[in-house]
Amino acid sequence: MKIFADTADVNEIRRLASMGLVDGVTTNPSLVAKTGREYADVVKEICGIVDGPISAEVISTDAKGMIEEGLRLAAIHPNIVVKTPMGPDGLIACRELANRGHRVNMTLVFSAGQALLTAKAGAYLVSPFVGRLDDISEDGMALIADIVSIYRNYGYKTEVLVASVRHPMHIVEAAKLGADCVTCPAKTIEQLMHHPLTDRGLAAFLKDWENRKR
Ligand code: E4P
């Protein structure tokens, strides 16, 4: 399973990339706003750090604007994947950008029906938001199971990118379900590295070594 960093913080991306953990990056307007920088500048810098799909989201709300903005974003670097929001305009923009040879990540997907339409519109990635579904007492991972099974039934090429990840078990569950990729905040990837028995085991090894017979 591919792991994407869900952040616009280039320092976080560099750290994860140094461990070989980043197959791609996803950004959104909220994440880039936190940096206080221009969207294009941030995305350009990320493309210089990670050699993989880098999702950059359009801000326009109508199909024409999304297509124009998507083309501008795609021109930044060949690894850019244009993120369009789910809905009629997002689907039109997705189809048009895909027809012109660009990769699209359909974002803000919350139902299996939306995911089905996303595949038919020719998206490269579908982003179902598991955490935000869990937040309203729905089952985010059940949606992933449904989408994986629907896409397999028909051989759709669209890859399932589990988004809105909140904790390490979302990542493990995504892998068990056969999702293609998961996009995670740096903190969640770091949490995945740790286990109390690893810490305890290392402390014991170091202590035994310190107390060795000399
Ligand atoms: C990524 O593509 C999404 O924009 C992101 O995972 C949303 O996460 P959030 O629900 O934690 O804001």
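Ligands are counted one by one from 1 in listed order, and the atoms in each one are counted from 1 as well.
Polar contact with ligand 1: present for Ser164 (N/O pair, distance under 3.5 Å).
Looking only at heavy atoms of the protein, atom 12 (O) of ligand 1 is closest to Arg132 NH2, 2.8 Å. Taking atom 6 (O) of ligand 1 as the reference point, the nearest protein heavy-atom neighbour is Asp6 OD2, 2.5 Å. In terms of protein heavy atoms, atom 2 (O) of ligand 1 is closest to Lys83 NZ, 2.6 Å. The shortest contact between atom 7 (C) of ligand 1 and any protein heavy atom is with Phe129 CE2, 3.7 Å. The shortest contact between atom 11 (O) of ligand 1 and any protein heavy atom is with Arg166 NH1, 2.7 Å.
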**Message:** Run Ser55 and Thr26 through side chain to side chain donor-acceptor pair (under 3.5 Å) and show every step you take.
**Reply:** CA-CA 5 Å; Ser55 291; Thr26 53; over 6 Å; no
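A donor-acceptor contact closer than 3.5 angstrom links the side chains of Thr27 and Tyr39.
Residue Asp41 qualifies as enclosed at atom CG: its count of foreign heavy atoms under 6.0 Å is above 12. For NZ of Lys2, the number of neighbouring non-hydrogen atoms (other residues, nucleotides, ligands) closer than 6.0 Å is greater than 12.
Summarising the contacts of atom 4 (O) of ligand 1 with Leu31, Leu125, Asn28, the nearest heavy atom is found in Asn28.
Taking the side chain as every heavy atom from C-beta outward, Arg14 and Val10 approach each other to under 4.5 Å.
Applying the 4.0 Å criterion to heavy atoms of Thr26 picks out, from ligand 1, the atoms 1 (C), 2 (O).
Scanning for side-chain contact (heavy atoms from CB on, under 4.5 Å) contacts around Arg95 gives Ala98, Asn99, with sequence neighbours left out.
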